[in-house]
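This report concerns only the one structure given below.
Every chain is numbered from 1 and lettered A, B, ... according to where its sequence line falls, protein lines coming before strand lines.
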Number of protein chains: 2
Amino acid sequence: MPVTPIESSPAKTQDICVPRPISLDDIDRHLLDLVQDDAGRSLYELGDEVGLSPSAVQRRLTRYRTSGLLARQIAVLDPRVLGETMTSVVLVALDRESESLHTAFRDEMLAEPRVQQCYGIVGQWDYVIVHVTAGLRESRALSQRLFLDHPNVRRYETLPALESIKVGLTLPLRAPD
Amino acid sequence: MPVTPIESSPAKTQDICVPRPISLDDIDRHLLDLVQDDAGRSLYELGDEVGLSPSAVQRRLTRYRTSGLLARQIAVLDPRVLGETMTSVVLVALDRESESLHTAFRDEMLAEPRVQQCYGIVGQWDYVIVHVTAGLRESRALSQRLFLDHPNVRRYETLPALESIKVGLTLPLRAPD
DNA sequence: CGTGAAAGTTTGATTGT
DNA sequence: ACAATCAAACTTTCACG
């Protein structure tokens, strides 16, 4: 009896843009929570915490990496130790809804090191930007250069952050309902 | 002649809340840029890139850690591999300006794992929150639980993110003027 | 999944500039 | 004060049970 070749069927566009969700058990979620908080632990330590041998932990981490779930490992700096450092949130609306216009705007955000985050949103604003500078003066100068002097920015509003209450990239790992 | 005991004077409050800015040379900034982007490299690789021996690199990294500049090392996950994942930016204004009210609000944000970031801002809004959920439904449910049902939230506005154009915690390491 | 041996990495003492 | 070298300790890797 011929078997329907589900597994070997050519990749659909969706598989490339949005990878197939990986399935995770309780140990996977425990491990991922641990490394999201501190990626500096040894396989031995991690195995100890989740009740697995170092090589079983390694096999799982390798699986997360090859699936693309574990994208990278980064060092997080404390801005307070760098001296005056200010974070600002900026809401931006562009002029027209042309595709190439938005692409150009995105490329500028990607190229500017002081832009830490940029989200495309729906509603009366088009983008939310988080940028980091050495104080109010530089913050205003950067917003002016990026947004005021930009011909396609219709309007923007800068919300200077007094305080960073919670900052991270941790994703919640929901158990399947 | 008696020496003014500047170095041995007791720590001021400011020294505890805002640590003294660390001084960085070109190699420090190069190293920190490298580990902010990828903390998985070996001391040998890092040394190769900046032109130093592994142990010289290690001594510098240790210095960043003990000064608190290098706060931690984390694994970054790609939300697309987890299936439906949605990021929303929420602007929140609280009712009154009481200290304990704000503290309670902050503690809630710190306790909720789906709240990824929270900044205290100035202007017509008090806080900007970034939260991550499994879709529009959960996003609205979370905003409702955190903000609508909260007696002290005067008003809030949710900006659903269609696209995460740039996401990171990288700090710009400006050279001293 | 666990074990264990080989390869690679980090650590710290020592010496030199 | 800071860098390089080297050997010991630890960590990661991977073939096998």
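- When rounded to the nearest whole Å, the span between CG of D48(A) and C1' of dT11(D) equals 15 Å.
- Atom CG of L43(B) is separated from atom P of dA9(D) by 19 Å (rounded to the nearest Å).
- If you take CG of D25(B) and P of dA1(D), they are 15 Å apart, rounded to a whole angstrom.
- Side chain R59(A) to base dG2(C): a donor-acceptor pair is found below 3.5 Å.
- Going from atom CG of L61(A) over to atom P of dT12(D) covers 9 Å, rounded to whole Å.
- Proximity of Q58(B) to the phosphate of dT11(C): a side-chain N or O atom is located under 4.0 Å from OP1 or OP2.
- In this model, a side-chain donor or acceptor of S55(A) finds a partner on the base of dT3(C) within 3.5 Å.
- Of the candidate nucleotides dG2(C), dT12(D), dT11(C), dG2(C) has the atom nearest to the side chain of L52(A).
- Distance L31(B) CG to dC2(D) C1': 14 Å, rounded to the nearest Å.
- Between F147(A) and H131(A), the ring planes are parallel. Angles under 30° get that label, and only those over 60° would be called perpendicular.
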Quiz item: Where do L146(A) and V90(A) land on the side chain to side chain contact (heavy atoms under 4.5 Å, CB included) test, with the steps shown first?
Solution: CA-CA 11 Å; L146(A) 288 177; V90(A) 188; over 6 Å; no
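- Taking atom OH on Y44(A) and atom C1' on dC1(C), their separation rounds to 17 Å, with Å as the unit.
- Using a 4.0 Å heavy-atom criterion, one finds that R63(B) contacts no nucleic acid atom at all.
- Judged by a 6.0 Å distance limit and a 45° cone about the ring axis, R154(A) is not positioned over the six-membered ring of W125(A).
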Quiz item: When you look at E163(B) and R106(A), which way does the salt bridge (Lys or Arg N to Asp or Glu O under 4.0 Å) test go after all the steps?
Solution: CA-CA 11 Å; E163(B) 216 181 338; R106(A) 274 157 223 221; 2.7 Å; yes
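- As a whole-Å value, the separation of R65(A) CZ from dT13(D) P is 7 Å.
- Looking at D48(A) and R41(A), no side-chain N of the basic residue comes within less than 4.0 Å of a carboxylate O on the acidic one, giving no salt bridge.
- One interatomic measurement links the two molecules: CZ of R41(A) to C1' of dC10(D), which rounds to 17 Å at whole-angstrom precision.
- S53(A) comes within contact range of at least one nucleobase, with a heavy-atom separation under 4.0 Å.
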